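If you read the sequence from its start, that first residue is 1, and numbering goes on from there. Both ligands and their constituent atoms are indexed starting at 1 by order of listing. If you're wondering where the values come from, they're calculated on a predicted model, not measured in any experiment. Side chains are part of it too, since the values below use all heavy atoms of this structure and drop only hydrogens, waters and symmetry mates.
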Amino acid sequence: MTKLWGGRFQKSAEQWVDEFGASISFDQQLVMEDLEGSTAHVKMLSACHILSEQEAALILSGLSTLKEKAQAGELEFSVANEDIHLNLEKLLIDEIGPVGGKLHTARSRNDQVATDMHLYLKNRVKEIIEAVAAFQGAIVEQAEAHVDTIVPGYTHLQRAQPISFGHHLLTYFWMLERDKARLSESIKRIDLSPLGAGAMSGTTFPIDRELAASFLGFSGVYENSLDAVSDRDFIVEFLSNASMLMMHMSRFAEEIILWSSEEFRFIELDDTFSTGSSIMPQKKNPDMAELIRGKTGRVYGNLFGLLTTLKGLPLAYNKDMQEDKEGMFDTVETLAGSLPIFEGMVRTMTVRTDSMEKAVHSDFSNATELADYLAAKGMPFREAHDVTGKLVYTCIQRGYFLRDLPLADLQEASSLIEEDIYETLMPATAVKRRNSLGGTGFDQVRKQLGLAKQLLGH
Ligand code: ARG
């Protein structure tokens with residue numbers, strides 16, 4: 001088979017070499033974007049009188065036939081035609097004859113492929129933002145149901161202070177809110193047209209890049225033709241934003257896994273989002289959460305893969321850049337899969353308020369309350385910390401918690417302690433009184449929840 005670029009060559013290609021160089025196995029995912037880019041290009045060429053109206057009409061009808069065939073899954077691509085761009089050009093020529101060869105006037109695959117990637121990513125990022133918002137919706141729903149549910153809060157995975165479970169869950173709302181903001185902001189840089197940069201230096205034809213960009217719905221064009229075809233920052237940025245988003249999901253997944261263990265018993269996942277063991281009949285494994293935690297590694301790999309690919313590249317296009325696609329597709333797919341799964345998992349999980357209640361009454365997470373109590377009565381906080389620490393030690397020796405200590409023992413430690421200490425040491429009191437801005441106090445959490453719902457438009 002003769003190549004579209006075969007003129008200069010004496011020997012015909014060998015299939016095994018073609019197979020190594022081809023990207024059609026994966027870049028066929030860009031079929032719609034490529035057709036859209038070509039359609040805009042032809043309309044622009046016609047408007048600029050580079051193609052006659054008749055030529056343009058013929059090519060446009062050929063492109064729309066290809067689009068219909070693509071939608072019906074009827075296009076047959078070949079490795080010999082290397083990539084989606086040459087495959088479609090060949091199919092167009094087969095469809096409408098030699099005039100199809102005019103499509104590539106004033107264009108190169110270098111600006112073409114970059115245009116396809118910009119179009120693709122712009123739409124995918126918008127879909128991902130919507131999926132993140134849906135996930136936030138499930139978080140907010142659970143948070144609203146559990147503002148008054150108290151759990152031990154942890155630092156160093158050691159019980160630290162009692163908190164509202166709603167407060168804990170809302171943390172993830174804010175993390176995801178930042179992810180959405182980063183993704184939205186990145187659209188500015190994705191939403192630019194490289195089309196018309198040609199191979200690297202522009203073109204001798206009197207094209208109108210802005211017109212082509214407006215046909216494609218881009219809000220601007222690259223100012224430098226070399227930059228237009230060399231730039232893959234927008235993909236790196238996407239992979240970086242995706243990595244951060246996956247990192248957030250992975251931390252949440254880790255908590256889901258811990259909470260559903262027998263050791264915590266804080267939640268039970270719905271059967272739909274759990275799996276059994278092939279040998280141990282009692283098992284109910286949080287596989288989906290583990291898988292999302294695991295996939296995070298692959299997304300980071302995609303980010304580092306592309307950064308490394310680009311690291312030593314001279315301007316402008318180099319074939320290395322063909323390696324930008326699989327990691328990007330894989331990351332889009334991973335996010336598109338993980339977000340709804342996580343959303344469903346959170347929406348349907350059962351919160352075991354009984355276990356949480358038990359946990360929070362049988363620990364020392366109220367020790368800060370005692371120290372604060374003494375400090376509020378004038379004792380320097382450092383001293384209050386020491387007095388409380390010694391009382392905790394006494395409790396551990398005797399198998400007590402702080403509220404089990406008789407008043408006499410407490411007063412022996414400090415005469416500032418009075419009967420009201422028992423109320424102060426109640427987990428609900430501890431949470432309620434943390435009413436500082438952004439704190440876990442129930443009123444603060446309700447305020448935070450209101451803001452979250454407002455941001456989601458709920
Ligand atoms: N398949 C190529 C890629 O994905 C398209 C651009 C090829 N350009 C070239 N000059 N060989 O990067």
Side-chain angles (χ1 to χ4, degrees), residues 1-9 13-38 40-41 66 70 75-93 101 103-122 124 190 192-203 212 216 222 225-236 238-239 302 305-333:
M1 185 192 248
T2 51
K3 300 283 186 192
L4 287 177
W5 41 254
R8 184 231 180 279
F9 286 73
E14 292 199 29
Q15 200 190 335
W16 66 287
V17 180
D18 276 358
E19 270 165 17
F20 185 76
S23 53
I24 188 63
S25 65
F26 49 87
D27 68 12
Q28 55 182 279
Q29 288 187 60
L30 296 171
V31 61
M32 288 305 170
E33 287 80 3
D34 201 74
L35 289 168
E36 199 187 335
S38 290
H41 182 62
L66 291 185
L75 290 183
E76 280 195 30
F77 301 123
S78 80
V79 163
N81 284 319
E82 196 179 326
D83 57 25
I84 188 64
H85 325 295
L86 294 178
N87 266 278
L88 286 174
E89 187 177 331
K90 183 75 173 44
L91 288 167
L92 181 72
I93 294 168
L103 167 65
H104 213 52
T105 311
R107 185 176 79 167
S108 153
R109 272 186 294 159
N110 298 349
D111 56 345
Q112 189 181 353
V113 69
T115 304
D116 292 3
M117 304 280 274
H118 279 271
L119 287 172
Y120 169 86
L121 211 48
K122 187 173 147 184
R124 295 298 93 74
I190 300 173
L192 286 182
S193 174
L195 194 58
M200 61 176 287
S201 61
T203 173
L216 290 170
Y222 276 85
S225 62
L226 267 91
D227 188 33
V229 292
S230 305
D231 179 34
R232 294 294 183 271
D233 295 2
F234 66 106
I235 305 174
V236 173
F238 165 67
L239 295 174
N302 292 336
L306 184 58
L307 279 171
T308 312
T309 295
L310 295 172
K311 173 178 171 291
L313 293 189
L315 301 182
Y317 178 83
N318 299 271
K319 182 78 167 178
D320 313 46
M321 288 157 80
Q322 183 165 290
E323 290 292 312
D324 61 0
K325 287 173 202 63
E326 286 154 292
M328 179 187 70
F329 293 142
D330 179 63
T331 301
V332 166
E333 224 171 87

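Annotation: side chain of Leu103 is in contact with side chain of Ser38 (closest heavy-atom distance under 4.5 Å). Between Ser108 and Met200 the shortest side-chain heavy-atom distance does not fall below 4.5 Å.
Expressed to the nearest 0.5 Å, how far CD of Glu323 lies from CZ of Arg232 amounts to 12.5 Å. Atom CZ of residue Arg109 and atom CH2 of residue Trp5 lie 8.0 Å apart, to the nearest 0.5 angstrom. The CG atom of Asn302 lies 11.5 Å from the CG atom of Asp324; values are rounded to the nearest 0.5 Å.
Ranking protein heavy atoms by distance to atom 5 (C) of ligand 1, first place goes to Asp83 OD2, 3.4 Å. At the top of the distance list for atom 11 (N) of ligand 1, counting protein heavy atoms only, stands Arg109 NH2, 3.5 Å. Nearest non-hydrogen protein atom to atom 6 (C) of ligand 1 is Tyr317 OH, 3.5 Å. Counting protein heavy atoms only, atom 4 (O) of ligand 1 is closest to Lys325 NZ, 2.5 Å.
Counting non-hydrogen atoms of neighbouring residues, nucleotides and ligands closer than 6.0 angstrom, the CD atom of Gln15 reaches no more than 12 such neighbours. Heavy-atom contacts from other residues, nucleotides or ligands closer than 6.0 Å to NZ of Lys319 number more than 12.
A salt bridge links Asp18 and Lys3; the closest N-O separation between the charged side-chain nitrogens and carboxylate oxygens is under 4.0 Å.
No N or O atom of Lys319 sits closer than 3.5 Å to an N or O atom of ligand 1. Residue Ser23 has at least one N or O atom closer than 3.5 Å to an N or O atom of ligand 1.
Interface of Gln322 with ligand 1, defined as ligand atoms under 4.0 Å from a residue heavy atom, comprises 1 (N), 2 (C), 3 (C), 4 (O), 12 (O). Per-residue contacts place Asn110 under 4.0 angstrom from the following atoms of ligand 1 (heavy atoms of the residue considered): 8 (N), 9 (C), 10 (N). Interface of His85 with ligand 1, defined as ligand atoms under 4.0 Å from a residue heavy atom, comprises 5 (C).
Neither the backbone nor the side chain of Gln112 has a heavy atom within less than 4.0 Å of ligand 1. Residue Glu82 does not touch ligand 1, judged by heavy-atom distances below 4.0 Å.
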